Every structure is written in C-alpha cells, then in structure tokens.
Amino acid sequence: MFFDTHCHLNFGTFNGRVEEIVDRARQAGVDQIVIPGTDVPTSEKAVAIAEKFEGVFAAVGIHPHHVFEVFKARKQNFLSQRGPFLESEKNSISSLSKLLTNPKVVAIGEVGIDRHIYQKTKYPDYKIEEEFIELQKIFLKEQIKLAIKHNKSLILHSREAKNDMLGLLESVWDRKLEGRTVFHCCEPDSELLEFAKEHKMFVGVDGDVIYYKEKQEFIKNVQMEMLVLETDSPFLSPDRKFSNEPKNIKIIAEFIASLLNCSIDSLKKQTTENAKRLFNCG
C-alpha cells in the first residue's frame with residue numbers, strides 16, 4: 001500500500017474526474033491520499049472530496065502565494081503589511097478553524113513562505129516585496145498556531161525562502177510539531193535537512209526527483225525514516241509531459257528504491273508508516 005501525502009484533487013483540472021482518478025490510484029496500490037488546500041475555497045473542497053472516499057484525507061490552509069490577494073488589498077487601502085489582522089483576514093483564519101473540527105482534516109497546509117517569481121499566476125501584477133514576505137510570515141504564524149492548538153499536522157511550503165522559513169520556525173516551534181511536520185517538496189538544501197533532523201520532521205519527495213540531479217543526491221542523504229512520498233498532482237509529473245495524478249506514486253517509489261539501492265517493498269512499507277505517523281491516521 002502506498003500513501004500519496006500531497007495531491008491537489010481539489011484543483012480545477014480534476015473537476016468531474018476525481019472518482020476515476022481515485023480508482024486508478026487504488027489500482028496502482030495507492031490507498032491513502034492527503035489533499036491540501038491553498039485558500040479557503042480549495043480547503044473546503046478538499047474536505048468535501050475527502051468525505052466521499054475512504055482513505056482520503058484533507059488539509060486546510062492558505063498558501064503563501066495567495067496571501068498576495070490580501071497584500072494587494074492592504075496596499076490599495078494604504079494599510080501596513082505588518083499591522084494586526086483585518087476583519088476579513090480574521091474571517092479566513094476562522095473559516096479554517098471551523099474546518100479543523102471535521103475528522104477527515106488531518107493537517108494545516110499547505111502553508112509557508114515563497115519568494116519565487118511565478119511566470120504563470122492569476123495575479124497579473126504579482127511580485128515579491130519585503131512587505132509581502134512579512135505578511136506571508138504573519139499568515140504562517142497564525143496557521144502554525146492553529147496546528148498546535150488543534151493538534152493537527154503541518155505541511156510546509158518553502159520556496160527560495162530557506163532563511164525566512166528556518167528563522168520563523170525557530171521562533172514559534174512547539175514540541176507538538178515534532179513528528180507531525182513535513183517539508184513538502186523539500187528543496188535540496190543541507191540546512192533544511194539538518195533542521196528537519198533536529199526537529200524530527202519529515203521530508204516530502206516528488207516526481208521531480210526523477211529528472212532533478214541535485215535532488216537525487218540530496219535524497220541519498222535523507223534517512224528513509226524521514227521520507228514521505230508525494231505527487232503534488234497535477235504538478236511535477238514524473239515524465240514532465242502530462243498532468244500528474246496519485247497513481248504515479250508507484251513510479252516515484254520505484255525510482256527512489258533504485259536510487260537508494262533498496263527493495264521497493266521496504267521503501268513502500270517505511271514511507272507508508274512514516275506518512276501514517278506524520279498525519280496520525282490509518
């Protein structure tokens with residue numbers, strides 16, 4: 001049995017196809033899936049999908065990329081990016097809190113800090129400013145507080161923002177997060193890995209390991225007890241040609257087993273046990 005710890009079945013590309021995608025996953029031996037939200041609507045959709053399928057779970061959260069919408073609204077109203085939450089922003093966090101009462105919700109995610117300049121985004125004027133990063137940090141801290149308060153796991157997104165992320169985590173870390181936190185699609189960075197080891201975190205590996213040489217070398221240094229498998233569907237397809245889906249976990253696992261010179265059965269057993277421990281499910 002495989003466990004896809006990060007799959008966006010709540011995204012539009014899967015509309016009308018979720019049941020067949022889940023069926024194909026199960027035929028490939030992928031029996032458990034976590035669907036992370038990236039804003040309130042996709043979080044609500046993740047929960048709705050999870051309720052329909054055994055072995056499918058949801059995470060709820062506001063992705064740092066989508067904090068730009070708040071940043072833009074504040075800027076238009078000449079408001080400080082460092083100030084207290086506005087009522088509309090409090091409502092977003094409150095909406096996530098309400099979703100956390102659903103037994104199918106196992107985590108806060110995906111949440112984090114992101115300095116990447118996206119070429120394709122729904123925000124035509126998207127750009128990275130330090131005030132925007134500060135607002136991302138405010139949202140991340142609030143969502144980490146939710147994870148701690150509600151005893152939920154934490155799915156972290158860190159892209160080109162290692163120093164920001166590690167500094168923030170050091171300032172808010174709680175032992176409740178040990179063994180319950182994952183660096184999603186972890187960048188191949190020794191400092192991230194060392195932090196993960198010290199804080200008993202997991203490292204998510206996706207289909208890009210098949211064609212990303214630096215990540216291949218990185219994964220060789222990650223203890224198997226720290227690894228969890230992800231597809232990040234519909235992104236990061238192992239062949240870089242087609243929309244990704246959870247059945248491809250098997251392809252990722254076979255490649256990693258070959259890379260680490262271990263059996264596919266031992267990798268499957270260990271990564272599935274890791275995922276169950278991470279999300280306290282199954």
Side-chain angles (χ1 to χ4, degrees), residues 1-9 25-26 28-37 46-47 50 53-61 100-112 143-158 165 169 172-186 192-206 209 218-233 246 249-250 252-253 256-257 260 262-282:
M1 180 177 70
F2 291 107
F3 196 135
D4 185 352
T5 61
H6 201 106
C7 169
H8 293 289
L9 293 178
R26 287 177 174 161
V30 183
D31 293 331
Q32 291 180 292
I33 296 168
V34 168
I35 308 171
V47 176
F53 300 97
E54 185 178 352
V56 177
F57 305 94
V60 301
L100 289 172
T101 62
N102 190 301
K104 277 289 191 139
V105 177
V106 295
I108 289 288
E110 66 183 281
V111 299
Q143 292 179 97
I144 290 175
K145 288 178 186 176
L146 285 182
I148 295 168
K149 179 181 178 180
H150 294 272
N151 194 31
K152 297 295 182 181
S153 304
L154 184 62
I155 301 171
L156 291 175
H157 170 106
S158 177
M165 176 62 79
L169 288 178
V172 301
W173 190 259
D174 188 289
R175 290 194 65 180
K176 284 185 177 180
L177 299 173
E178 291 183 358
R180 301 291 300 279
T181 303
V182 59
F183 277 134
H184 153 60
C185 195
C186 189
L192 288 174
L193 179 56
E194 192 57 36
F195 187 94
K197 286 179 180 178
E198 290 175 1
H199 293 79
K200 300 178 182 177
M201 295 169 62
F202 291 95
V203 169
V205 59
D206 307 69
V209 71
F218 173 73
I219 292 301
K220 290 177 183 177
N221 295 314
V222 181
Q223 298 170 349
M224 203 186 297
E225 291 76 16
M226 295 176 65
L227 278 178
V228 293
L229 304 179
E230 315 175 337
T231 59
D232 199 20
S233 304
I249 278 288
K250 186 176 181 181
I252 298 168
I256 295 172
L260 300 182
C262 67
S263 72
I264 183 66
D265 287 339
S266 63
L267 181 78
K268 175 167 57 174
K269 182 176 184 294
Q270 184 66 65
T271 55
T272 298
E273 287 177 359
N274 294 347
K276 288 179 178 180
R277 189 159 62 252
L278 165 62
F279 292 118
N280 193 30
C281 64

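Throughout, residue positions are numbered sequentially from 1 according to the sequence presented. This is a predicted model, so every value here is computed, not measured.
For the pair K269 and E273, the salt-bridge criterion is met [side-chain N within less than 4.0 Å of a carboxylate O].
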### Query
Between C7 and T231, does a side-chain contact (heavy atoms from CB on, under 4.5 Å) hold up when you go through it step by step?
CA-CA 6 Å; C7 169; T231 59; 3.9 Å; yes
### Task
For M226 and L193, run side-chain contact (heavy atoms from CB on, under 4.5 Å): C-alpha distance rounded to whole Å, both residues' side-chain angles, the deciding distance at 0.1 Å, then the answer.
CA-CA 10 Å; M226 295 176 65; L193 179 56; 4.0 Å; yes
### Message
side-chain contact (heavy atoms from CB on, under 4.5 Å), that's the test. Do D232 and H184 meet it? Break it down for me.
### Response
CA-CA 9 Å; D232 199 20; H184 153 60; 3.6 Å; yes
### Task
With side-chain contact (heavy atoms from CB on, under 4.5 Å) as the test, would you mind laying out the steps for E110 and H8 before giving the verdict?
CA-CA 10 Å; E110 66 183 281; H8 293 289; 3.0 Å; yes
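L192 contributes atom CG, which lies 5.0 Å from atom SG of C186 (distance to the nearest 0.5 angstrom). To the nearest 0.5 Å, the span separating SG on C281 from CD on Q32 amounts to 5.5 Å. Put simply, OG on S233 and CG on D206 are 9.0 Å apart, with the number rounded to the nearest 0.5 Å. Atom CG of L100 sits about 4.5 Å away from atom CD1 of I108, to the nearest 0.5 Å. The NE2 atom of H157 sits 8.0 Å away from the CE atom of M165 when rounded to the nearest 0.5 Å. Atom CD1 in I249 sits 8.0 Å away from atom OG1 in T271 (nearest 0.5 Å).
The side-chain heavy atoms of N102 and F57, taken from C-beta on, include no pair separated by under 4.5 Å. Using a 4.5 Å cut-off on side-chain heavy atoms (C-beta onward), K152 and V60 make no contact. Residues L227 and L260 are in side-chain contact: their nearest non-hydrogen atoms beyond the backbone lie under 4.5 Å apart.
Scanning all heavy atoms of the two residues, the minimum distance from F279 to V106 falls at CD2-CG2, 3.7 Å. Taking both residues in full, the closest heavy atoms of Q270 and M224 are given as CG-O, 3.5 Å, listed atom of the first, atom of the second, then distance. The two residues V111 and G61 have their closest heavy-atom pair at CG1-CA, 4.0 Å. In plain terms, the two heavy atoms of L267 and A253 that are nearest each other are CD2-O, 3.1 Å. Of all non-hydrogen atoms in E230 and D4, the two that sit nearest each other are CA-OD1, 3.5 Å.
Applying side-chain contact (heavy atoms from CB on, under 4.5 Å) to M201 and the options T181, V182, L177 leaves one that passes, T181. Under the side-chain contact (heavy atoms from CB on, under 4.5 Å) test applied with L229, the options V209, N274, V205, T272 reduce to a single match, V205.
A side-chain donor-acceptor contact under 3.5 Å links K104 to the backbone of F53. Side chain of R180 to main chain of L278: a donor-acceptor pair is present (N/O by atom type, distance under 3.5 Å, no hydrogens or angles). Panel note: side chain D174, backbone K145; no donor-acceptor pair is recorded below 3.5 Å. Side-chain atoms of K250 do not come within 3.5 Å of backbone N or O of A28 as any donor-acceptor pair. With hydrogens and angles ignored, the 3.5 Å screen pairs no side-chain donor or acceptor of T5 with any backbone N or O of A275.
Ring geometry for H199 versus F195: interplanar angle under 30°, hence parallel rather than tilted (30 to 60°).
Residue E54 places its CD atom among 12 or fewer non-hydrogen atoms of other residues, nucleotides or ligands, all under 6.0 Å distant.
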